[in-house]
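These notes are about the structure you will find just below.
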Amino acid sequence: MSKHQQLIDKSRKYLWLPFTQMKDYEKDPLIIESGSGVKVKDTEGNEYYDGFSSVWLNVHGHCKRELDEAIRMQLEKIAHSTLLGMTNIPATELAEQLVHITPDGLERVFYSDSGAEAVEIALKMAFQYWCNKGVREKQKFVTMRNGYHGDTIGAVSVGSIDIFHQIYQPLLFDSFKVSYPYVYRHPSSNPEICREECLQELKATLERHHREIAAVILEPMIQGAGGMITMPQGFLSGVESLCREYDVLLIADEVATGFGRTGRMFACDHEGVRPDIMTIAKGITGGYLPVAATITTGQIYDAFYADYRELKTFFHGHSYTGNQLGCAVALSNLELFKKENVIENVRKKSVFIRKELKTLHDLEHVGDIRQLGFMAGIELVEEKETKRPYEWGRRLGYQVTLKMRQLGMLSRPLGDTIVFMPPLSSSEEELKEMIRIMKEAIFQITEDE
Ligand SMILES: *Cc1c(COP(=O)(O)O)cnc(C)c1O
């Protein structure tokens, strides 16, 4: 039996993959062996474009020399020591950098290892902030319908994607859910009307309940896992104003949108929004190692700063928090952002992506194309005029991405929305080819059946 076949058998026998129906995996197994630039290679030697940045992480491509080198250099000193009650060099240097690049007002960095953890920390921090200030009533959160903040229990409690979250309902704490401005599915299809309606709904919720609300949490500018849904201009800053008006904290979950993904360093920068707490992860290490952070204001930090006897300490921490290898590669990642002008290039290439994606409108079943920077979703519908979705059990999105895999590109759908989220380093030529494959796959599955 070939080495490849042995590995496939082992993977079928021993693994349980995240967010995966293993019955599907058994039918279409895949084992990645190596990667270079914007492509990855499987154990049979097939190459694929990494059309979703290995689930929204990768920034500069795979096997980027500078990033590899940063890890090797750190490895010669030490791989890991704890951040409980002490620190290390890269974690300290990185904290300074993060405070510099995040929106004004964010001054303190609390590390963790995944986006979901960063969100858990944000929620506990917001909750305890009010407690530490002696405000006992503010214990609840407001979240957007269709929002996604990770898979741990707290993160799911402020999440709102029924297909993932409903089953866990008995385990969750209650939060207020308000409508997200999903323009394509709004009866008016008008961004201003949709925005105003949603802001009114949030205002009404805050008006009635602000005394019991600790914070509003949302994904700024674009909801990721909810289906790559872009906000109308002015919504994010509208939410910020309402938070200030009603004295509730604003938590911006930039786990997906951070680090240049949307054409700004952070999505909040599009509207000059200054959240009280920001969560970051995915792109922070260029897609290399698990590092996440929750960054907050001096005001929130100060509410925890006291004599130990007052019990205002933030009692939270994970074993690998502030890992040196992770922080070293994150520092190198940030250097590359400067050296290679990543943000400016993303903005330029986004215009190219927009133009290329437009050609997908020729297809009969492409309902909506949404894009902000290098984050895009193509929503497939059974009928364009009425926007009627496909029956969900047909799994059209899944079929399309399997077809894309055959044609040499990886992605993962969100229902019937096809995700296009290539590494920020992709050249126009590579982007063009990826979009061609996507178009071909959509055509073959939806029209050529
Ligand atoms: C991916 C994601 C998370 C969860 O991050 P993990 O590292 O997968 O735990 C949280 N929030 C948003 C907006 C995300 O896109």
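For ligands, and for the atoms within them, numbers begin at 1 and follow the listed sequence. No experiment lies behind these values; they were computed from the predicted model shown.
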Using a 4.0 Å cut-off to any heavy atom of [X], which atoms of ligand 1 qualify?
X    : answer
G150 : 4 (C), 10 (C)
S114 : 7 (O), 9 (O)
D253 : 10 (C), 11 (N), 12 (C), 13 (C)
E219 : 13 (C)
H149 : 10 (C), 11 (N)

Using a strict 4.0 Å threshold on nitrogen-to-oxygen distance, state whether [X] and [Y] make a salt bridge.
X    : Y    : value
E196 : K203 : no
K13  : E26  : no
E356 : K432 : yes
R261 : E254 : no
E428 : K355 : no

[atom]: nearest protein contact (heavy atom, Å):
atom                   : result
atom 9 (O) of ligand 1 : A116 N, 2.8 Å
atom 2 (C) of ligand 1 : K282 NZ, 2.6 Å
atom 3 (C) of ligand 1 : V255 CG1, 3.6 Å
atom 6 (P) of ligand 1 : G115 N, 3.3 Å

Would you confirm whether R405, through its side chain, and L410, through its main-chain N or O, come within 3.5 Å as a donor-acceptor pair? no
Which heavy atom in G373 sits nearest to a heavy atom in S350, and how many Å separate them? CA-OG, 3.2 Å
So is there a nitrogen or oxygen of A281 less than 3.5 Å from a nitrogen or oxygen in ligand 1? no
With a 4.0 Å heavy-atom cut-off (strictly under), which part of E254 contacts ligand 1: side chain, backbone, both or neither? neither
Using a 4.0 Å heavy-atom threshold (strictly under), name the region of W56 that reaches ligand 1: side chain, backbone, both or neither. side chain
Is K138 positioned over the aromatic face of F127, cation under 6.0 angstrom from the ring centre and no more than 45 degrees off axis? no
